[in-house]
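To start, the structure itself, in C-alpha cells.
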Amino acid sequence: MPLSIPTTLLQELIRTNIISEEQAAAIGETAKKENKDFGEVLVAQGLIGDTDLVAIKSRIYRLPAVNLEEVEFNREVLKEMSEDVASFYRIIPLEKAGEVLKVGLINPEDVGALEALKFITSDKGLALDKYIVSYKDYASVLKSYRTLSDEVGQAIQSLNDEVAKEEVIAAPGQRLDDITAEAPVTRIVAVIIRHAVDSRASDIHIEAFEDRVRTRFRIDGVLNIALTLPKNLHSAILTRIKILADLKIDETRLAQDGRFATRLNDRKIDFRVSTFPTKHGEKVVMRILDPLTGKVDLPDLGLDGRSLEVMERGMSKPFGSILITGPTGSGKSTTLAGMLKRMNTEDINIVTLEDPIEYFVDGVNQSQIHEEIGYTFASGLRHILRQDPDVIMVGEIRDRETAGLATQAALTGHIVLSTLHTNDAIGVVPRLIDMGIERYLIPSTLNVAAAQRLLRRLCQDCKLQSKATTAEANIISTAIADMPAAYQELAAKSYTISKPNLDSPCKKCGGKAFKGRIGIFEMMEMTPEFEKIILGDLSETAMRAEAKRQGMITMFQDGILKVLKGVVSLEELLEVAQDQETT
C-alpha cells in the first residue's frame, strides 16, 4: 500500500526546525521507495527519537499517547483485528473495554486506515478510541500475532496439505536438499531460529523421543520448553539443519559439528551446530553466537573494582599469561572476547587459536583448530610463533604440550590469553604443575589467574526489595568480615536486598523476572610473595593467605557485592557459588 505523507506532521517538523524542507523531500522519497512510513524513516535516520515523535503526534493530532510497557496488554484483543489488516494499514488493537475498541495509530492522517477502522468497529457494533503509539510498540504487537506454536502450526498444516495431495518423490537429478528447501519444513526451522534469537536464547536444543520432538531454548542459563512437535517431522527438520550447517545428511551414527550464519533483525547471527546420535534419533544443539557480544566491554560483563584493575594491569604488561578458569558455560569465551576488544589496536598483532571460533572479532586473526587433520592447539601454537604475534589467544590449554608451548610463548615476549579447567583462581598453579610446567617458570610467566561463574541478572524493572532475614544477614555479614579493609564500611546490622518478582514479572523481562546474566570474578595477581610460595613449600593455605593479603575478592564475595547492589539475588548466588562460600 503506497503510504501517504502526513502533511500536518511534516509542517510541524519543519516549523520546529527538526528537519529542513530539503530533508523532508528526501525522506519522503525514501519512504515511498522502501514502502515505509514517513516517521519510521525519520526515526531510523536518527533525526528524532521514537518517543519524542510520539509526543509531537499526540500534541498536533490531539490524541492521547500510550506506552505498552506501562499497561497490561492482553493478546485476546488481537482477535478483533486480523494481522493482515494491522500490517497493511499500520493500526493495532490495544484493548477492548466493554463496547469500546481501543486502537493504536501510526499515522492519524492516513484516510485509508481511518476508513478501515470505521468499517471494523461499525461491523462489530463497537465504539472507537484512538491512540498514538510508537513504532516500537507497533512492531511489538505485530510480533504478538506470531507466537512460536501458531507459526509452526501453520507450517505443519501446510506440510500436511502437501502430503495429502501427493507423495513427495525426488525427480531424476533432484537432490534431497532441494526437496527439503522447498518444503514448509524450511519455514519451521526459520521460525524456531527467529523466536530463539528474539527470546535472547543462547542455545536451541532439538531432541527426539519415542513419540515427539522437543524443542528447548536456554535463556539466561536455564532450559525452557519452547515447542513440542510430532515425531514424523524429526527427520525433515534434522535434514534442513544439516543442509544449513553443511553436514553429511546420510550420516546418522556419528556426531557432527558445523556452523552457519543468517541475518536477523538487520544483523548477522552465527550458529554453531552439533548433532549427537541418541536412541530415538539424532539430537541437535545450536549455539547462538550473537556478534553484539563481541562489542560488550569488560565492565558490562561484571568486572569492576579491584578485579578490573588487576585484569587491566595484566593486559598492559609486555609479556606473560592471563588464564581464566571455570566450568563449561561460565562465560570464559565471552570474557576473552571482551579482553581482545580492549587490546585490539592497529599497532598490535593478535592471533588466536580456537575450537571452535565463537565470536568473530574484526581486526583479529582467528584460526580454527582441526584435530582430525593434525591441526591442534600445540601444532597451531608453533605456527603462530612464526607470525610475529604480540598477543596470542589459545582457546583452551588441554594437555602438557599446549601448556608447555603457551608458557614458552609467555616467557619470550608475548601476552598469552587462555582458559583452564579448575574450580578457582588458587587452583591454577597446582594445575600447571600437574601439566608438567616447572615451578620456576610459573612466577615469570603467569600475570593473572582468574576464575568466574555466571549469575542471572535480576530484572531491574520488576525486582522486589526486602529486608534481609536474620539468616541472610548473617551470610552477608560473614562474607564482608572476610573481605579487605576497604569493604568493611559495608557491614551493617540489617541489609536491603533484591529478589525476583516471580508472582508478577513485567514485560521487559518477558515474564522471567531475570534479564541477562552477569559474571562474578576473582583475580589472583602474581607478586614477589606469591613467587616465594610457589618456589618454596607450596600449599593451598599459604596461597589463600597471600591472595587475601593482596586484597583478592573471592567469587562468592564478589557475588555478595552484586547482591548488595541489587544486581543479583542471594538465592541465585548461593545456588551457583555455594562451594565458593565454604572454601
Side-chain angles (χ1 to χ4, degrees), residues 220-221 296-315 322-327 329-336 338-339 419-420 422-428 447-458 460 463 468 472-492 495-499 514 516-525 543-583:
D220 295 336
V296 175
D297 201 6
L298 293 176
D300 299 315
L301 303 178
L303 271 168
D304 55 13
R306 177 189 177 274
S307 295
L308 182 59
E309 293 172 6
V310 170
M311 181 69 84
E312 289 176 334
R313 278 200 297 270
M315 291 189 293
I322 300 175
L323 301 181
I324 302 178
T325 77
S330 59
K332 299 188 296 297
S333 297
T334 306
T335 301
L336 286 175
M339 294 167 69
T419 67
L420 206 62
T422 66
N423 289 329
D424 53 23
I426 297 291
V428 168
N447 292 344
V448 176
Q452 68 178 82
R453 299 287 190 277
L454 287 179
L455 303 179
R456 289 179 294 171
R457 290 179 187 258
L458 288 169
Q460 298 301 299
K463 66 181 182 181
E472 291 169 337
N474 286 339
I475 292 172
I476 296 171
S477 296
T478 302
I480 292 174
D482 204 34
M483 290 184 191
Y487 297 93
Q488 295 307 310
E489 61 185 28
L490 297 174
Y495 303 92
T496 299
I497 59 176
S498 298
K499 297 187 178 184
F514 297 92
R517 289 191 287 178
I518 191 169
I520 52 173
F521 298 86
E522 62 184 33
M523 301 280 166
M524 188 177 70
E525 193 172 18
M543 286 192 290
R544 291 198 180 280
E546 166 54 21
K548 187 174 182 179
R549 187 204 64 78
Q550 63 179 239
M552 185 184 88
I553 299 292
T554 67
M555 282 184 283
F556 186 79
Q557 292 168 343
D558 189 28
I560 289 293
L561 295 177
K562 289 179 170 67
V563 167
L564 294 175
K565 291 177 183 177
V567 178
V568 300
S569 69
L570 184 59
E571 293 85 356
E572 177 84 358
L573 174 63
L574 291 172
E575 184 178 334
V576 174
Q578 181 74 52
D579 57 326
Q580 299 303 314
E581 179 191 14
T582 57
T583 53

Does [X] have any salt bridge (Lys or Arg N to Asp or Glu O under 4.0 Å) partners at least two apart in sequence or in another chain, and if so, which?
X: Arg549; result: Glu529, Glu546
X: Glu312; result: Arg342
X: Lys562; result: Asp558
X: Arg456; result: Glu572

Residues that [X] engages under side-chain hydrogen bond (donor to acceptor under 3.5 Å, both in side chains), provided they are two or more places apart:
X: Arg306; answer: Gln550
X: Glu309; answer: none
X: Ser569; answer: none
X: Thr419; answer: none

Lys548: which residues meet the side-chain contact (heavy atoms from CB on, under 4.5 Å) condition with it, sequence neighbours left out?
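Applying side-chain contact (heavy atoms from CB on, under 4.5 Å) to Lys548 gives Asp482.
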Does Ala491 have any side-chain contact (heavy atoms from CB on, under 4.5 Å) partners at least two apart in sequence or in another chain, and if so, which?
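With sequence neighbours excluded, Ala491 shows a side-chain contact (heavy atoms from CB on, under 4.5 Å) to Ile480, Tyr495, given in chain and number order.
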Considering only heavy atoms from C-beta outward, does the side chain of Met523 approach that of Met552 to under 4.5 Å?
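Met523 vs Met552: side chains apart.
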Taking the side chain as C-beta and beyond, is there a heavy-atom pair between Glu472 and Glu571 under 4.5 Å?
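A side-chain contact under 4.5 Å exists here.
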